[in-house]
Amino acid sequence: MIRAENLHKNYGDKRALNGIDFSIESGEIFSLLGPNGAGKTTTIKILTGQLKPTSGSAEIMGRDVLEQRKFLRPRMGVMPEETNLYERLSVRDNLRFFCRLYDAGFKRIEEYLAIVGIADEIDSPVKELSRGMKQKVLLVRSLLHDPEVLFLDEPTSGLDPASAASIHRLLERLNEEGLTILLTSHDMEEVDRLSDRIAFLHGGEIAALDKPTSLKLEHAPGRLEVLVEFEDEIGEVILDINSGNAAEKIAEWMKEGRLTAIHSCEPTLAEIFVEITGSELK
Amino acid sequence: MKSRMRIIAAILLKEIQDIKKNVNLLVMYFLPVFFTLIFSYFIPDMPSGFALNFGLLFLVVMIGMYVPSMLIAEEKEKKTLEVLLLSPAGAEEVLIGKGLLTYISILVVTLLLALIVGLEGQSLLIIFISTALISIFSIFIGMMVGLLSPNQRSTGTIGLPIYMLLLLVPQLASISGEGIMSFLAALLPTTYYFHIQERAMAQTLQFGDIMLELSVIVISIFFSFLALIFLYRKKGI
């Protein structure tokens with residue numbers, strides 16, 4: 001569905017992208033995870049045809065993103081990081097305007113606003129909405145024309161957990177219906193929850209690319225952290241994950257009713273990012 | 001073609017909805033009406049026809065140029081243009097939609113000003129048509145100012161000298177007579193528009209009497225259009 005090949009982008013002397021390669025299958029949620037300045041937004045702008053790469057190529061549905069903009073625009077939805085809505089207009093007028101541009105019906109407006117929990121604000125001027133509400137309107141705007149590919153640039157940045165969760169639920173539902181999603185974020189929990197595959201972007205390069213589970217297993221220390229009752233207090237025991245000794249001990253504690261908890265000691269994506277790149281995920 | 005028309009209509013409708021809530025621009029529309037009312041009814045010593053002359057010149061220069069430049073610059077400043085250009089709308093449709101709003105609103109206010117001063121018959125027809133023509137020139141200049149301005153504030157810096165030149169020079173030349181001002185005025189299409197107004201209000205004119213003035217305005221439209229295309233191709237929106 002989406003293919004980026006050897007993408008380079010320089011801004012003057014500054015190198016923003018240094019040879020990015022990846023491809024995204026149809027119906028996949030693919031995330032670019034990296035700190036600010038890693039090249040996430042630049043990658044999205046190139047893929048959406050807003051920015052010309054210094055070298056390399058990008059295709060969506062087998063078509064060059066710069067040469068086939070007319071074909072691709074109605075098939076793409078883009079939720080930018082900036083809350084670029086028409087502030088004086090109401091939510092309804094903003095969304096209807098985009099429906100008219102895409103020749104899409106108005107029927108989705110109320111449905112999507114209800115899913116993200118701001119149906120009551122439909123006639124409020126955008127300038128009176130909170131940042132979180134504006135983010136939700138941006139997401140709804142990007143979906144009104146039933147795109148086949150959705151680009152989300154930091155979709156829940158600065159949102160409260162409940163608002164973020166409502167956006168995640170909608171994205172998961174749309175993905176189940178076949179929507180391909182490219183997401184950029186520096187929120188590791190969001191990326192972990194939503195993504196089929198993740199690319200760690202660091203200094204304009206892809207430092208790692210895999211499924212979240214594979215990344216975690218690859219960097220897991222191979223240990224179990226077991227909490228066991230010893231007389232009147234709970235103690236922590238560390239065991240090697242695949243040793244026969246661990247299985248025997250755990251079985252014994254279970255029989256004795258002393259086992260309290262078992263943790264697999266998997267690292268978080270943020271810890272893996274630090275391990276691979278040597279930089280914090282901020 | 002059908003989809004282009006649909007997109008232009010969508011942009012025009014959005015601009016109409018938006019301008020109703022845009023106080024900065026609404027004030028600009030109010031000013032020529034206000035000046036014409038004041039000069040017509042509260043300053044009886046004003047020369048005959050001055051009220052409409054001033055009101056119309058203010059309308060075509062200040063609104064014709066200021067409104068499109070502000071609309072384009074605001075889209076850039078607030079980054080709404082980015083998402084607009086990611087939709088099926090192209091830059092041409094955006095410019096046409098904004099230009100149409102300005103054009104229609106100028107024609108409506110022209111009729112209102114004519115109503116205030118009681119203009120009718122052949123004079124009204126000539127003034128209306130010449131206003132309809134000079135407004136196209138003004139809107140093209142305003143669009144160029146919008147293309148050159150990264151934000152709303154810079155439309156003033158870039159546009160104000162041009163607006164003042166086109167607004168004040170024809171009027172000052174009519175007072176000062178021969179000299180540099182008169183020479184400058186002869187180069188400006190607004191001077192010829194000013195002449196049409198003066199003559200149309202002083203006597204009954206036929207279109208044959210103002211062929212020179214109308215020709216200058218039409219040629220100015222042509223050259224301002226070429227300049228707009230050149231700037232758009234060189235700089236983009």
Side-chain angles (χ1 to χ4, degrees), chain A residues 41 44-52 60 65 69-104 106 123-128 134 137-145 147 149-151 153, chain B residues 1-29 67 70-98 100-101 105 150-152 233-237:
Chain A
T41 301
I44 283 214
K45 288 201 166 177
I46 290 174
L47 290 173
T48 51
Q50 293 172 274
L51 205 57
K52 200 174 169 187
I60 296 177
V65 295
R69 272 187 277 204
K70 226 172 188 170
F71 173 86
L72 291 172
R73 276 177 187 165
R75 292 163 177 83
M76 294 189 313
V78 182
M79 179 185 172
E81 193 177 3
E82 303 94 7
T83 49
N84 54 359
L85 294 157
Y86 294 101
E87 296 272 325
R88 287 182 292 267
L89 297 185
S90 68
V91 173
R92 188 195 299 275
D93 287 341
N94 263 277
L95 298 178
R96 282 190 169 190
F97 171 51
F98 279 85
C99 287
R100 289 188 191 101
L101 290 180
Y102 284 97
D103 202 16
F106 300 151
D123 289 314
S124 303
V126 165
K127 64 183 171 191
E128 289 176 9
K134 288 179 187 174
V137 178
L138 285 175
L139 176 63
V140 171
R141 185 181 71 183
S142 69
L143 295 169
L144 291 170
H145 56 292
V149 185
L150 182 63
F151 293 92
D153 196 359
Chain B
M1 190 64 190
K2 200 179 158 196
S3 76
R4 275 197 121 184
M5 294 302 290
R6 187 197 72 242
I7 290 166
I8 291 168
I11 294 170
L12 177 61
L13 179 61
K14 187 273 288 181
E15 296 298 349
I16 292 169
Q17 290 171 331
D18 196 39
I19 206 163
K20 287 191 286 188
K21 294 165 187 165
N22 188 338
V23 178
N24 288 343
L25 293 188
L26 285 180
V27 167
M28 293 303 289
Y29 282 97
V67 171
M70 285 291 278
L71 292 177
I72 294 166
E74 187 181 20
E75 294 264 16
K76 287 200 259 188
E77 185 178 340
K78 298 189 173 163
K79 298 191 186 298
T80 45
L81 188 65
E82 270 180 30
V83 75
L84 206 51
L85 296 181
L86 278 170
S87 80
E92 294 87 354
E93 285 95 352
V94 174
L95 292 178
I96 294 170
K98 292 179 186 304
L100 268 179
L101 168 86
S105 57
N151 53 45
Q152 295 178 84
R233 292 209 170 143
K234 200 166 166 53
K235 200 179 169 307
I237 193 165

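A note on names: the letters A, B, ... follow the listed sequences, proteins ahead of strands, and every chain is numbered from 1.
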Do other residues, nucleotides or ligands put more than 12 heavy atoms under 6.0 Å from Lys234(B) NZ? no
Between chain A and chain B, which donor-acceptor atom pairs come closer than 3.5 Å, counting both backbone and side-chain atoms?
{"residue": "Arg6(B)", "atom": "NE", "partner": "Arg100(A)", "partner atom": "O", "Å": "3.0"}
{"residue": "Arg6(B)", "atom": "NH2", "partner": "Leu101(A)", "partner atom": "O", "Å": "2.7"}
{"residue": "Asp18(B)", "atom": "OD1", "partner": "Arg88(A)", "partner atom": "NE", "Å": "3.2"}
{"residue": "Asp18(B)", "atom": "OD2", "partner": "Arg88(A)", "partner atom": "NH2", "Å": "2.9"}
{"residue": "Glu74(B)", "atom": "OE1", "partner": "Arg88(A)", "partner atom": "NH2", "Å": "2.9"}
{"residue": "Glu74(B)", "atom": "OE2", "partner": "Arg88(A)", "partner atom": "NH1", "Å": "3.1"}
{"residue": "Glu74(B)", "atom": "OE2", "partner": "Arg88(A)", "partner atom": "NH2", "Å": "3.1"}
{"residue": "Glu75(B)", "atom": "OE1", "partner": "Tyr86(A)", "partner atom": "OH", "Å": "2.8"}
{"residue": "Glu75(B)", "atom": "OE2", "partner": "Tyr86(A)", "partner atom": "OH", "Å": "3.2"}
{"residue": "Lys79(B)", "atom": "O", "partner": "Asn84(A)", "partner atom": "ND2", "Å": "2.8"}
{"residue": "Leu85(B)", "atom": "O", "partner": "Arg73(A)", "partner atom": "NE", "Å": "3.1"}
{"residue": "Leu85(B)", "atom": "O", "partner": "Arg73(A)", "partner atom": "NH2", "Å": "3.2"}

Could you look at Leu13(B) and say if it's the side chain, the backbone, both or neither that has a heavy atom under 4.5 Å from chain A? side chain
Pair Leu85(A)-Val83(B), side chain to side chain contact (heavy atoms under 4.5 Å, CB included): steps then yes or no: CA-CA 9 Å; Leu85(A) 294 157; Val83(B) 75; over 6 Å; no
